[in-house]
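Bear in mind the structure is a predicted one, so any value in this text is a computation, not a measurement. Every heavy atom of this structure was used, including side-chain atoms; hydrogens, water molecules and symmetry mates were not. A note on names: the letters A, B, ... follow the listed sequences, proteins ahead of strands, and every chain is numbered from 1.
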Amino acid sequence: MPEAAEFRLEAEDARPAPAARRVRVLLPLPFPEPFDYGAPPGLDLPPGSYVEVPLGPRRVFGVVWGEGDPAAPGAVPDAKLKPVLRRFDLPPMPEVSRRFVDWVAAYTMTPPGNVLRMAVSVSAALEGPRVLTAYGRADGDLPDGFKLSPQRRRILDLLADGPPRPAAELAAEAGCTPAVVRAMADAGVLLPVPLRSGPRFAVPDGALPGPTLSPPQAAAAETLREKVAAGAYSATLLDGVTGSGKTEVYFEAIAAALRAGRQALVLLPEIALSPQSLDRFARRFGARPAEWHSDLPPPLRRNTWRAVASGEVRVVVGARSALFLPYPDLGLIIVDEEHEPAFKQEEGVVYHARDMAVARAHLGRIPIVLVSATPSLETLANAEAGRYGRIDLPDRHGGAELPEVTLIDLRRPDAAPPPRHWLSPVLRDALTETLAAGEQAMLFLNRRGYAPLTLCRACGHRLQCPNCTAWLVEHRLSRRLQCHHCGYTARLPDECPQCGAEGSFVACGPGVERVAEEVTELFPDARVAVLTSDTLLGPRAMQETVERVKAHEIDLLIGTQVMAKGHHFPLLTLVGVVDADLGLSGGDLRAGERTFQLLHQVAGRAGRESRPGRVFLQTHMPDTPVMRALAAHDRDAFLAHEAEARRQTEMPPYGRLAALIVSGEDERTVEQAALRLGRAAPHDRPELTVLGPAPAPLAILRGRHRRRLLLRGPKGLALQPVVADWLAAVEIPAGVRVQVDIDPYSFL
DNA sequence: AGCACGCCGACT
DNA sequence: GTCGGCGTGCTC
């Protein structure tokens, strides 16, 4: 190449390129900030646009977060800028949603991209609605050599006078697999045609008349309707015992939002998201709401996401992740069972959905209603401080049918169960009476499996999970040992792995299966069912059990907390809590509160309508405030006691906490990193307290060693900047991860 | 989060 | 001699 030409080329390259527009694009990856990309001329990229961009050798989706500024400090030079590849055909992510992503990221101290990933959890949705492929009869004769098997004939018959249908549907009706259909399509006998997306979402009608409300319900509904009409941020606690009709009340608020043409969101704990709750909604509004939870089938998930984004879906009833859907016009949030610990997400982005929902309402300037029969101390403190409004709903029946709660003091010799048995004679007698009267009983034990611990009689060896500091739980139904923390399972060995003794294992302590065994022995004629989250056959089997109880095909139901949720069993008059103390061990900050909430709810299952109920709590500590409050039906006394204790120790809600979990596969490096963090802790600030490092209660989880540090600060102080400075001062070695948990709930 | 680049063991 | 393990580091 001639010198002159070469020079000319260089000169051309050096000429300042026309200032390409630059946009910031947030990627669903753990970067601290959005990346800059060039906006190709002619491609309109308003903030919120869903786009595809190149990233190293691959392509990823992202969301336009704003204008890029080449002069910004640390901005990437123009030369490194890559262009946005395309924009997806979708309404842009609303501004509120984008601000919410940033807010949650800052609050939880996670990279914004990780929060974005929750908001766009079905990236396939960006590509468009799911298009089903249907198959119809191709024109013309069958090609030569095409063998007409019986299955193939049936499929042709099915299509002879019908419209094209999806492969799965044809296969099901013809009694073969979809592979047969595809093979026929390959042979040119069937013709694939794209089918319009699945059924549209039914529209709930806010104008339908609601049920007749009691005067207090009507007044409460009116208050909420006013909040919705105001179209401003407000937070309201709706506090009322089971049977006070809270749901009907907040349905009226939803009706008002619908009439105002806005979207509404009902957040429920995952296990409360039952078909019944959706049916109940459908009865009120004439259509089922869109449902959103972690195991929604992917195609439905995709379509639901799109329908929310387009505004077609008016009401979502969902678990915590429903909070992050891109509502274009959310006008109301309801958080039912507000106190439920299940709202706290512990993995990935660690957040509390109830608290984030309040933030979302604030950003969107809309009302939020927190609903509970046993509100959390956090929410009560906010109500007392005047930050939240409060509506108390009295029991519609004036509390006349409160069950009689009896504490069984297991320390007393006459009340203690016989050896290797778990039911006190007192509870046994009550069960006998109840069954004799043709009524139903329920035994509650929040422990799955047969026995929580198995040990060798010969050498004392305990069967432990290889990945966690936890005992393996024997499950007799599945005839396996299980770790309830990491999913490890194994066969029960024939001989002790320690001493080799054969058949030397003894089960220690009860699980629901073992209680079922005892009950069957005591009442051989009773029809017994066990209800847990792992009942082998999954959610459908659980639903079936519930139906059988309702139909009185079951006399005695034994189960874990999945049983505590709002099923109405009219014939159920006795509830026995096998181990009321279970949740109190472990020294958890909220152990008392949680135990009260759970057992209160369980107790509420006894006696409905005209039948008085009886509740028996087996406990070793009948004198603790929790047990006394449960026996005396004195929720407020308990809460006051609990609140006072928290106030004195400056614990939440009268102080703030942040936890650092240091984890890694190598115990020594983890320990060193934890110690280093401990030394770098903000010891110089008297208003802060640092506890730890200490081994986390589950010192090894999924094969990772864990140390925990806890930071406590005064109520008004944001802990995030403190934690940020703290972490910045410490070098964390490779292979060690530090997980920040703002407002920790579980102390695992 | 991926994916590449980059240095040390068992195989065509 | 290469295939491949996963340890660090970068991606606008």
Side-chain angles (χ1 to χ4, degrees), chain A residues 13 16-41 43-88 93 98 101-102 104-105 108-127 294 298 321 324 345-351 467 661-670 672-673 702-705 727-728 730-740:
Chain A
D13 277 354
R21 197 160 79 91
R22 165 193 281 254
V23 284
R24 313 212 78 201
V25 177
L26 186 63
L27 306 176
L29 301 168
F31 303 130
E33 287 200 325
F35 279 9
D36 284 357
Y37 284 90
L43 187 61
D44 186 28
L45 293 174
S49 303
Y50 297 94
V51 294
E52 186 175 57
V53 295
L55 181 74
R58 60 205 166 117
R59 300 161 150 232
V60 293
F61 83 85
V63 176
V64 174
W65 224 240
E67 289 287 317
D69 177 7
V76 129
D78 276 338
K80 243 181 127 180
L81 219 57
K82 291 182 182 175
V84 170
L85 297 171
R86 63 173 169 145
R87 179 178 170 190
F88 292 101
M93 178 181 276
R98 282 180 279 128
V101 166
D102 280 334
V104 172
T108 58
M109 302 189 72
T110 38
N114 288 5
V115 183
L116 180 70
R117 196 142 38 99
M118 298 198 295
V120 192
S121 55
V122 261
S123 48
L126 301 175
E127 298 286 358
S294 54
S321 55
F324 292 93
Q345 164 125 68
E346 301 280 3
E347 312 229 304
V349 181
V350 179
Y351 68 93
N467 313 317
I661 308 279
V662 187
S663 70
E665 279 172 31
D666 181 57
E667 184 169 13
R668 278 207 26 239
T669 40
V670 169
Q672 279 166 8
R702 300 169 211 270
R704 297 176 70 88
H705 294 265
L727 290 178
V730 180
E731 199 141 330
I732 303 298
V736 175
R737 204 173 65 205
V738 181
Q739 168 88 271
V740 180

Student: List in numerical order all residues of residues 23-37 of chain A for which some heavy atom is under 4.0 Å away from an atom belonging to DNA chain C.
Tutor: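 Within residues 23-37 of chain A, the residues near DNA chain C are A:F31, A:F35, A:D36, A:Y37.
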Student: Under a 4.0 Å N-O cut-off, is there an ion pair linking A:K82 with A:E52?
Tutor: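 No, no charged N to carboxylate O under 4.0 Å.
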Student: What heavy-atom pair brings A:A119 and A:V101 nearest, and what distance separates the two atoms?
Tutor: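 Answer, listing the atom of A:A119 first, then A:V101: CB-CG2, 4.4 Å.
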Student: Between A:Y351 and A:V115, does the side-chain contact (heavy atoms from CB on, under 4.5 Å) criterion hold? Intermediate values first, please.
Tutor: CA-CA 10 Å; A:Y351 68 93; A:V115 183; over 6 Å; no
Student: Tell me which residues in residues 110-125 of chain A lie within less than 4.0 Å of DNA chain B, going by non-hydrogen atoms.
Tutor: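 Contacting residues: none.
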Student: Measuring to OP1 and OP2 of B:dG2, would you say a side-chain N or O of A:R58 lies under 4.0 angstrom away?
Tutor: yes
Student: Nearest 0.5 Å please: distance from the CZ atom of A:R702 over to the CD atom of A:E665.
Tutor: 13.0 Å
Student: Mind listing the closest non-hydrogen atom pair of A:P28 and A:R117 along with its distance?
Tutor: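 In terms of heavy atoms, the two residues are closest at O-NE, 3.0 Å.
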Student: Looking at CE of A:M118 and CD of A:Q345, how far apart are the two atoms once the value is rounded to the nearest 0.5 Å?
Tutor: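 Here the interatomic distance stands at 6.5 Å.
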Student: Residues two or more places apart in sequence or in another chain: which of them pass ring-ring contact (aromatic ring centres under 6.0 Å, His included) with A:F61?
Tutor: none
Student: Relative to each other, are the rings of A:F35 and A:Y37 parallel, tilted or perpendicular (30° and 60° limits)?
Tutor: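 Rings of A:F35 and A:Y37: tilted, as their planes differ by 30° to 60°.
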Student: Going by the rule salt bridge (charged side-chain N to carboxylate O under 4.0 Å, His left out), which residues pair with A:E731 if we only count those two or more places apart in sequence or in a different chain?
Tutor: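 If we apply the salt bridge (charged side-chain N to carboxylate O under 4.0 Å, His left out) test to A:E731, skipping adjacent residues, there are no hits.
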Student: Can you give me the N/O atom pairs linking the protein to nucleotides 4-6 of chain B at distances under 3.5 Å, or say none if there are none?
Tutor:
none

Student: If every non-hydrogen atom of A:R22 is compared with every non-hydrogen atom of A:P77, which pair is closest and at what distance?
Tutor: NH2-C, 3.8 Å
Student: When all nucleic acid strands are considered with a 4.0 Å heavy-atom cut-off, which category describes A:A75: base, sugar-phosphate, or nothing?
Tutor: nothing
Student: From A:L29 CG over to A:L55 CG, what is the distance, rounded to the nearest 0.5 angstrom?
Tutor: 6.5 Å
Student: I'd like the 5' and 3' limits of the part of DNA chain C contacted by chain A, with heavy-atom contacts below 4.0 Å.
Tutor: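 It runs C:dT8 to C:dC12.
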Student: Can you tell me how far apart CZ (A:F31) and CG (A:L26) are? Round to the nearest 0.5 Å.
Tutor: 10.5 Å
Student: How many angstroms lie between CD1 in A:I732 and OG1 in A:T669, if you round to the nearest 0.5 Å?
Tutor: 11.0 Å
